[in-house]
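For ligands, and for the atoms within them, numbers begin at 1 and follow the listed sequence.
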Amino acid sequence: MPQSIPFLLFNPKTMSTIKSHLADVLARLPQSVRLVAVSKFHPVTALQEAYDCGQRVFGESRVQELQAKREALPKDIDWHFIGHLQQNKVKYIAPYVSLIHAVDSLRLLQEINRQALRCGRVIPCLLELHIAQEESKYGFTPEACEAMLAAGEWKELAGVEIAGLMCMASNTDDEAQIRREFHLAHELFLRYKSLYFSDKEYFKECSWGMSHDYPIAVEEGATLVRVGSYIFGERI
Ligand SMILES: *Cc1c(COP(=O)(O)O)cnc(C)c1O
């Protein structure tokens, strides 16, 4: 039975739908791929439902929302920050965030390092690649990413571990194009692994794939998929 939750501004999946869609996604993932349940804009009741089904990794894209949800939910959740992160907000999530997916500048990496050291932590981060055809302010071009890695300043940052790469494919129905983009991201992952991280076991994550394209992402090397609306319903 659908539950009526009148205060919500969006169209949530019913609770039983969350459960079945979560199970659907998990059934399509090989053991080696982890699901980040992207819960942005959805209420804690929806996250709790996924939690009660065993989901422990959640992705949020706004710092304030993440802080509020973390307060309200069980403490054994792994919180991933998947959105664009402003430097002045790093300090709020540094004490607990498990993985920051979308680092797109050396300066942001340096600020994460600074805040991590203040907390006595090492924070795993992914470098965001800009590969999709859409204009976007965010993400390293492959050239800029390689230049940053080659310059080597990141090696001095004891408070961060570059754990892999993240990208979004173009927002298109053209599956061949989506596949080409994920494929390129994976080739870059292998290239950077061999050039800069061959002795770093922690450089192992490929974060790509969302609700409409995660099966392709899995075929193209993803180790983390970030699925939101398929599980929790459309955000309005
Ligand atoms: C919102 C978001 C997702 C999830 O998208 P869905 O289409 O809802 O699955 C994944 N990654 C990022 C970076 C996002 O902002």
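Residue G228 has at least one N or O atom closer than 3.5 Å to an N or O atom of ligand 1. Checked against a 3.5 angstrom limit, the closest N/O atoms of S229 and ligand 1 fall inside it. At a 3.5 angstrom cut-off on N or O pairs, S61 does not count as close to ligand 1. Annotation: K40 places an N or O atom under 3.5 Å from an N or O atom of ligand 1; distance criterion only.
Nearest non-hydrogen protein atom to atom 5 (O) of ligand 1 is M210 CE, 3.5 Å. What sits closest to atom 9 (O) of ligand 1 on the protein, heavy atoms only, is S211 OG, 2.5 Å. Among all non-hydrogen protein atoms, the one lying nearest atom 13 (C) of ligand 1 is I82 O, 3.6 Å.
Between F232 and F41, the ring centre distance reaches or exceeds 6.0 Å.
A salt bridge does not link R191 to E187: none of the charged side-chain nitrogens sits closer than 4.0 Å to a carboxylate oxygen. Salt bridge present: E220 and R179 bring a charged side-chain N and a carboxylate O closer than 4.0 Å.
Taking the six-membered ring where the residue is Trp, F189 and H186 present parallel rings, their angle staying beneath 30° rather than reaching 60°.
Contact atoms of ligand 1 toward V227: 9 (O) (distance under 4.0 Å to a heavy atom of the residue). Listed by number with element, the atoms of ligand 1 under 4.0 angstrom from any heavy atom of R226 are 4 (C), 9 (O), 10 (C), 11 (N), 12 (C), 13 (C).
Atom CD of E201 is surrounded by 12 or fewer heavy atoms from other residues, nucleotides or ligands within 6.0 Å.
Judged as a side chain to side chain donor-acceptor pair (under 3.5 Å), and not counting sequence neighbours, E175 has no contacts.
Judged by the 6.0 Å distance and 45° axis criteria, R226 is not positioned over the aromatic ring of Y214.
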